[in-house]
Colleague: 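My structure is below; once you've seen it, I'll send some questions.
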Amino acid sequence: MDRVRTRFAPSPTGFLHIGGMRTALFSFLFARNNNGDFILRIEDTDRSRIVEGALDDIMDSLRWAGIIWDEGPDIGGPYSPYMQSERKTIYQEHAQQLVESGKAYRCYCTPERLKQLRTEHGRQGYDRYCRNLSDDEKQSRDEARDTHVIRLKIPLNDETAFRDEIRGEIVTKNEDIDDFVLLKSDGFPTYHLANVVDDHLMQINYVIRGDEWISSTPKHVLLYNAFEWTHPKFAHVPVILAKEGGKLSKRHGATMVREFINRGYLSDAFINFIALLGWSLDDKSEFFEMHELIKHFDLNKVNKASSVFSYEKLDWFNGMYIRKKSIEQLYELILPYLIKGGFIAKEDPDQDKDYILEIIPLIQERLKYLGDIENHVWFFFDKHFEVRQTDALIPKKLSKNDAVRILEETARAIEGLKVFSEEDIENCLRGLVESIGFKAGQVFMTIRVAITGSSVSPGLFETIRVLGKNRVQSRINHALSLLKSEQTS
Ligand code: GLU
């Protein structure tokens, strides 16, 4: 068998979408699984739709995910260039070649006529008028240098069949296929021409792409036939739906890979999750690192049915991967977010390293994505600390005086602690609960709110240990002053 060559061929008309990344991932996995090549080709011939920054975003997002190409616009390769806008003459020559072999023709119909046809015939499209021009007429039009496009002459009274690797046999009647445009009047190719010419010249033998292109494939097959080329194998991957139904779109939440990168999703978790949108090894295995995906990926295991994108499931995966990181790895990962949140200074990022290494085990379990770090660590940093829930300092069924008493006794008990270990702190506070006569939940709630600012926090005793005696004492004093002032009821 020939060496497998696949490609991802995005148009830089927007930032990379989850669906685009899934298509790229499947093409990449298939190539790697077969020890083949994965090519990145940029389809940028529709100049009016190009979005600034999209090309960089696509390449950066793929690299972030570990989807690395062997040939592409930035690194070149044996079939350079890989930007279609730099290959214009190649397409023009190929269109011309088809006109000469009688497989395509020049069409001089004006946009007004085409518009009229569309209104009269609905979606039927072009009436193939210029296909039957007499030689004289063609000659006089050419001499007059009338603007024209080049259209493919669809062989009528026939049908076009191809086998989709995922969906099986697909047959289309040729009479339902328009004599579609190959080359536009400005000399730029259409998607169909450029795509087919490049896939052929770049020796792509597996075209793996989104389902939305399946209706174009019979046209492509006809174009391959016109050139007398063998067409590659095709695999159209099913669409990604939102949980609420309908195609996943902005109104459901983030859809661009960039948004997930910025929020601090881990690339290995993201890739694991994306791979399962339409592919599975069996009904039970869920965790796959990239090398395992490469090992197991098989087009036969890609579903025909559409897959459903669940943000909750992604968060769950991400949480699981965050928990798999070592403390040191997680430290490196959260550092940029701590800097961004103003918790540590950019100029001296490791200033609180020891303290942060102590904090991490306390929050690792609860962190969903790295950008969420702020909500978990703010109270560890004096500069950001405040009692956010002053009312919660007084537990249900107790009075302000009771809360004052709890805190005063806590301060005394903590002061007396010789060893500031979690065990000693726990023993000391449990002893305090007994002597004071309130319920543990009530006592611990007041202490928790006083030292962490809110009623939700990691384990109380470990948090006290990490905060350290001085910080705990000064927070208790602060809470006491709040209670004694008019701020609490
Ligand atoms: N340029 C097309 C896109 O943006 C490529 C489709 C294909 O893979 O053939 O998705």
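Everything quoted here is computed from the prediction, not taken from an experiment. Computed from heavy atoms alone, side chains included, the values below leave out hydrogens, waters and symmetry copies. For ligands, and for the atoms within them, numbers begin at 1 and follow the listed sequence.
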Colleague: I'd like to know if the side chain of Glu292 and the backbone of Glu289 have a donor-acceptor N/O pair within less than 3.5 Å.
Modeller: yes
Colleague: Nearest protein heavy atom to atom 5 (C) of ligand 1, by residue and atom, and its distance?
Modeller: Ala9 O, 3.1 Å
Colleague: Do ligand 1 and Ile208 have nitrogen or oxygen atoms that lie under 3.5 Å from each other?
Modeller: no
Colleague: Using heavy atoms and a threshold below 4.0 Å, how should the contact between Asn195 and ligand 1 be classified: side chain, backbone, both, or neither?
Modeller: side chain
Colleague: At a 4.0 Å threshold, what atoms of ligand 1 neighbour a non-hydrogen atom of Glu43?
Modeller: 1 (N), 2 (C), 5 (C)
Colleague: Would you call the rings of Phe381 and Phe343 parallel, tilted or perpendicular, taking 30° and 60° as the class edges?
Modeller: tilted
Colleague: Do Arg41 and Tyr79 meet the cation-pi criteria used here (NZ or CZ under 6.0 Å from the six-membered ring centre, within 45° of the axis)?
Modeller: no
Colleague: Using atom types as modelled and distance alone, determine if a side-chain donor or acceptor of Lys153 lies under 3.5 Å from a backbone N or O of Gly102.
Modeller: yes
Colleague: Under 4.0 Å, heavy atoms only, figure out whether ligand 1 is touched by the backbone of Trp213, its side chain, both or neither.
Modeller: side chain
Colleague: Decide whether the shortest distance between a heavy atom of Phe8 and an atom of ligand 1 is less than 4.0 Å.
Modeller: no
Colleague: Considering only NZ, NE, NH1 and NH2 on the basic side and carboxylate oxygens on the acidic side, decide whether Asp127 and Arg113 come within less than 4.0 Å.
Modeller: yes
Colleague: Nearest to atom 8 (O) of ligand 1, what protein heavy atom do you find, and at what distance?
Modeller: Arg7 NH1, 2.6 Å
Colleague: Quick check: does any side chain N or O of Asn33 sit under 3.5 Å from a backbone N or O of Ile294, one acting as donor and the other as acceptor?
Modeller: yes
